[in-house]
K.L.:
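Below is the structure I would like to discuss, written out as structure tokens.
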4 protein chains.
Amino acid sequence: MQVTPEGPTFTATARRAQIVAATIDTLAELGYGQTTFARIAERAGLSSTRLISYHFAGKAELMSTVVSEIYGTMGRFMGERMAGRADARSLLRVYITALVEFIAGHQPQMQALMSIFLNHHDPDDGGRSYDAGDDRDAIGHVEAILRQGQADGEFRDFDTFVMAATIQRSLDGLPFLLQTRPGLDLDRYARELVTTFDLATRAPAR
Amino acid sequence: MQVTPEGPTFTATARRAQIVAATIDTLAELGYGQTTFARIAERAGLSSTRLISYHFAGKAELMSTVVSEIYGTMGRFMGERMAGRADARSLLRVYITALVEFIAGHQPQMQALMSIFLNHHDPDDGGRSYDAGDDRDAIGHVEAILRQGQADGEFRDFDTFVMAATIQRSLDGLPFLLQTRPGLDLDRYARELVTTFDLATRAPAR
Amino acid sequence: MQVTPEGPTFTATARRAQIVAATIDTLAELGYGQTTFARIAERAGLSSTRLISYHFAGKAELMSTVVSEIYGTMGRFMGERMAGRADARSLLRVYITALVEFIAGHQPQMQALMSIFLNHHDPDDGGRSYDAGDDRDAIGHVEAILRQGQADGEFRDFDTFVMAATIQRSLDGLPFLLQTRPGLDLDRYARELVTTFDLATRAPAR
Amino acid sequence: MQVTPEGPTFTATARRAQIVAATIDTLAELGYGQTTFARIAERAGLSSTRLISYHFAGKAELMSTVVSEIYGTMGRFMGERMAGRADARSLLRVYITALVEFIAGHQPQMQALMSIFLNHHDPDDGGRSYDAGDDRDAIGHVEAILRQGQADGEFRDFDTFVMAATIQRSLDGLPFLLQTRPGLDLDRYARELVTTFDLATRAPAR
DNA sequence: CATGAATGAGCGTTCATTCAT
DNA sequence: TATGAATGAACGCTCATTCAT
């Protein structure tokens with residue numbers, strides 16, 4: 001007799017993934033305000049919203065699942081790209097280039113994230129949005145690179161927090177730019193950002 | 001005999017201003033999704049939501065009034081600060097410094113704007129948000145400065161659109177940063193940005 | 001010193017007439033349900049609905065004024081046309097012909113009447129509509145003619161109430177017919193009705 | 001294995017029927033203007049108006065369901081009664097007799113129909129009421145009988161449209177008459193109408 | 001005679017969620 | 001695992017009317 005380990009069934013996992021995908025599309029297309037269980041169910045081809053309530057404890061859990069899922073994918077992608085880099089200038093260049101590439105390839109996901117960050121106020125969390133917590137991670141990551149560069153003498157002396165926030169913002173803004181300019185040349189965009197922040201960060205020649 | 005031109009009464013103007021102010025506060029504090037007539041009325045101390053419907057044709061008109069009001073204030077402020085500047089480096093420096101100052105002094109307004117831009121999809125406008133149209137103006141303004149700098153030989157050869165968007169994003173992000181770090185030194189923040197974008201834009205010494 | 005007799009001012013009378021006219025147009029065009037003080041005021045070019053409340057005790061009084069006004073006009077018109085007729089066949093013929101003419105010349109008024117009859121339930125009157133009371137008058141008038149015709153031997157023996165109601169309904173229906181068939185030949189319509197009810201009512205030849 | 005075709009559940013059908021019935025009663029008793037979801041729910045004994053919104057897409061769908069339902073019942077009734085009749089005089093006689101009987105037995109339904117026709121302006125349909133479309137059907141049906149009678153030489157030469165409209169109006173008016181005279185003898189009413197329109201339509205003896 | 005301001009009640013509709021299988 | 005049925009609360013908005021001048 002075989003002991004089946006406890007855990008979500010295959011079917012359940014698939015359903016959850018399907019619902020998450022439909023939620024991302026709805027968020028990207030209609031915005032947070034219009035993203036209702038009814039519209040998600042319609043897009044996912046579900047017979048009723050009941051299935052969403054069944055698989056997720058509530059709207060909050062659904063949204064945080066969406067966020068986790070996207071961050072997971074992004075984290076794995078970035079980890080692969082940045083592996084084996086050592087010096088800060090390379091790390092920063094690769095960070096920017098890779099993130100532009102990821103964002104370009106995951107536009108709906110990025111728009112979904114933005115929608116959630118700016119709108120989903122969790123009442124149990126004192127009304128705080130996700131933004132504060134989650135975006136700090138990204139900024140922290142960049143800031144670590146910048147600090148290393150300064151320690152190694154590669155970068156000039158600037159406020160690492162301000163610079164990290166500026167870099168992160170320039171990347172986060174890409175989805176909005178793409179909305180206005182769908183034909184934007186992304187390689188060029190990455191190269192321009194790399195050059196801009198290379199000039200802004202590097203230590204002056206002696 | 002004086003002909004008094006038709007127009008809104010003093011009382012009406014005051015009420016509208018009061019409602020707009022309460023709307024901005026609510027948007028900043030609770031986000032667009034939670035900004036309902038009931039909550040606005042409560043914050044403004046109105047007896048019922050009916051007074052909002054009385055003074056504004058609908059939620060859309062209220063929101064666009066909020067946007068116009070804030071943009072008006074900001075435009076006047078920036079106009080005063082930038083008057084008399086001629087060279088691009090000065091203009092850019094003053095633009096960044098002044099906008100940081102304005103944003104720091106109008107945090108709720110800025111958060112209200114962001115809330116509206118990202119959530120208020122006008123169904124009559126094909127579901128488009130305000131963002132596309134209005135933010136382009138700000139980017140266009142910065143881009144004009146950058147182009148002038150390149151034409152005058154002050155700035156190096158970069159993509160003015162990408163650079164303008166990057167600068168604008170670094171400024172737009174301030175409210176979020178302040179939310180996380182309320183004690184942020186704004187003078188320093190402005191100085192860091194000025195330095196960063198001065199290094200990133202200026203023509204190399206020959 | 002002249003003693004001005006008590007009573008409505010000229011201005012007031014004019015305003016009331018203006019409001020009544022706008023009400024009739026609105027009723028005819030949009031139906032009772034859409035006939036609100038706001039829409040009446042708009043059509044009458046009034047600055048606010050307050051003027052209607054000022055001149056009429058309420059919606060009920062406004063509506064009953066509309067009814068009275070139209071019935072007054074119609075009564076005077078019919079009275080003139082039927083004067084001098086003595087025999088029932090002539091009276092019936094003239095009644096039908098004249099009423100068709102009046103209705104054709106007062107379509108908005110007729111549609112307004114229908115709207116009110118079918119929709120304006122007066123809660124103080126036990127929810128009764130105008131219909132019962134007012135339409136009985138018209139039927140009563142026709143019935144009197146029919147009774148006279150039977151007494152004089154001109155008409156055959158039929159139920160005068162049923163016949164009167166049938167005749168009145170055929171006339172009341174004209175506005176709806178005109179709505180569907182704007183080009184309807186009214187002279188022909190009147191002649192057809194006259195023939196129809198002449199055949200239906202007259203005593204058989206001996 | 002039996003494939004059960006998709007479709008409304010038994011429970012859902014019952015609920016819809018219950019709501020439709022309550023709607024008809026409310027329309028008949030209070031008129032269209034007072035027929036709100038709240039009053040319908042109250043009459044149907046529903047816990048909230050939400051149940052109506054749950055089973056019908058909106059007020060428009062509810063009203064058109066009411067109309068369809070009544071027309072369906074009426075159509076089936078009339079079809080049965082008129083089956084097997086061939087000559088126009090018989091058809092007309094049966095049509096009048098059967099419709100009087102049906103109307104007498106379905107007074108609330110008839111009043112509900114009238115309420116809807118005269119008040120439910122569909123904004124998506126250019127503000128047109130149901131009246132134009134649906135009542136034309138009834139007139140068209142009668143007109144066909146009249147044309148046949150003329151072609152067969154049974155009826156004299158009259159305008160079939162005017163005559164059909166007159167006949168239909170005399171029948172449609174029955175609910176209002178019954179409101180004023182609840183004790184009206186319906187058999188007699190039908191006989192009087194049959195005689196009236198027989199005299200009015202039949203070809204003169206040669 | 002006129003009017004701007006204000007109001008409570010009610011409208012149809014949509015929301016996320018729960019109940020009962 | 002899935003689903004139809006039901007629900008109370010809240011939404012933006014419109015109603016006729018009243019207040020105060």
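Below, chain A is the first sequence line, B the second, and so on; all start at residue 1.
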K.L.:
Can you see which heavy atom on A:Gly58 is nearest to which on A:Phe37, and at what distance?
P.N.:
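Looking at all heavy atoms of both residues, the closest pair is C-CZ, 4.2 Å.
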K.L.:
Over how many whole Å does the gap from B:Tyr32 atom OH to F:dG12 atom C1' extend?
P.N.:
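Rounding to the nearest Å, OH of B:Tyr32 and C1' of F:dG12 are 11 Å apart.
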K.L.:
Kindly indicate whether the side chain of B:Gln18, heavy atoms from C-beta on, has any atom under 4.5 Å from the side chain of B:Leu46.
P.N.:
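Yes, close enough: below the 4.5 Å cut-off.
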K.L.:
The helix from E:dA2-F:dT21 to E:dT21-F:dA2: angle between its terminal axes, five pairs each, to 10°?
P.N.:
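It comes to 30° between the two terminal axes.
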K.L.:
A:Phe37 has a side chain; which of E:dA5, F:dG12, E:dA16 sits nearest to it?
P.N.:
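Per side-chain heavy atoms of A:Phe37, the pick is E:dA16.
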K.L.:
Checking contacts here: which listed nucleotide (E:dC11, F:dC15, E:dA5) is nearest the side-chain heavy atoms of C:Ala38?
P.N.:
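Shortest atom-to-atom distance from the side chain points to F:dC15.
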K.L.:
Figure out the CD1/P separation between D:Ile40 and E:dC11, and round it to whole Å.
P.N.:
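Value for this atom pair: 10 Å.
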K.L.:
Is there a donor-acceptor pair under 3.5 Å between the side chain of A:Gln34 and the backbone N or O of A:Leu30?
P.N.:
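Judged by distance alone, no pair lies under 3.5 Å.
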K.L.:
How many angstroms lie between NE2 in A:His55 and OG1 in A:Thr11, if you round to the nearest 0.5 Å?
P.N.:
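Here the rounded value is 8.5 Å.
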K.L.:
Between F:dG4 atom P and D:Arg15 atom CZ, what is the distance in whole Å?
P.N.:
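Nearest whole value for this atom pair: 17 Å.
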K.L.:
Rounded to the nearest 0.5 Å, what separation is found between the CD1 atom of D:Ile24 and the CZ atom of D:Arg43?
P.N.:
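Atom-to-atom, D:Ile24:CD1 and D:Arg43:CZ are 12.0 Å apart.
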K.L.:
For D:Leu62 and E:dC11, give me the distance from atom CG to atom C1', rounded to whole Å.
P.N.:
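My rounded result for the distance is 15 Å.
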K.L.:
Working to the nearest 0.5 angstrom, can you tell me the gap between C:Leu27 CG and C:Met114 CE?
P.N.:
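Spacing of CG (C:Leu27) from CE (C:Met114) equals 12.5 Å.
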K.L.:
Can you tell me how far CE of C:Met63 sits from OG of C:Ser115, rounded to the nearest 0.5 angstrom?
P.N.:
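So the gap between those two atoms works out to 9.0 Å.
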K.L.:
Would you please confirm or rule out a distance under 4.0 Å between OP1 or OP2 of F:dC11 and any side-chain N or O of B:Thr36?
P.N.:
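For F:dC11, OP1/OP2 do have a side-chain N/O of B:Thr36 under 4.0 Å.
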K.L.:
C:Glu69 and C:Arg16: salt bridge (Lys or Arg N to Asp or Glu O under 4.0 Å), yes or no, with the steps?
P.N.:
CA-CA 11 Å; C:Glu69 228 251 2; C:Arg16 282 176 66 97; over 6 Å; no
K.L.:
Measure CD/D:Gln18 against P/F:dA5 and give the value in whole Å, please.
P.N.:
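In whole Å, F:dA5 P lies 13 Å from D:Gln18 CD.
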K.L.:
If the condition is side chain to side chain contact (heavy atoms under 4.5 Å, CB included), which residues does C:Ala38 pass it with, not counting sequence neighbours?
P.N.:
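For C:Ala38, the residues satisfying side chain to side chain contact (heavy atoms under 4.5 Å, CB included) (neighbours in sequence not counted) are C:Thr36, C:Thr49.
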K.L.:
Between atom CE in A:Met63 and atom P in E:dT17, what is the gap in whole Å?
P.N.:
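For the pair A:Met63 CE and E:dT17 P, the rounded distance is 10 Å.
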K.L.:
Starting from C1' on E:dA9, measure out to CD on D:Gln34 and report it in whole angstrom.
P.N.:
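Roughly 13 Å, once rounded to whole Å.
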K.L.:
Take atom CD1 of B:Ile19 and atom C1' of E:dA6, then tell me their distance rounded to the nearest Å.
P.N.:
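Interatomic distance, CD1 of B:Ile19 to C1' of E:dA6: 11 Å.
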K.L.:
Within residues 41-57 of chain B, find the residues that approach DNA chain F with a heavy atom at under 4.0 Å, and present them sorted by residue number.
P.N.:
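Of all residues in residues 41-57 of chain B, the ones placing a heavy atom under 4.0 Å from DNA chain F are B:Thr49, B:Arg50, B:Ser53.
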K.L.:
Given E:dC15, is OP1 or OP2 found less than 4.0 Å from the side-chain N or O atoms of A:Arg39?
P.N.:
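Checking E:dC15 against A:Arg39, a side-chain N or O does come within under 4.0 Å of OP1 or OP2.
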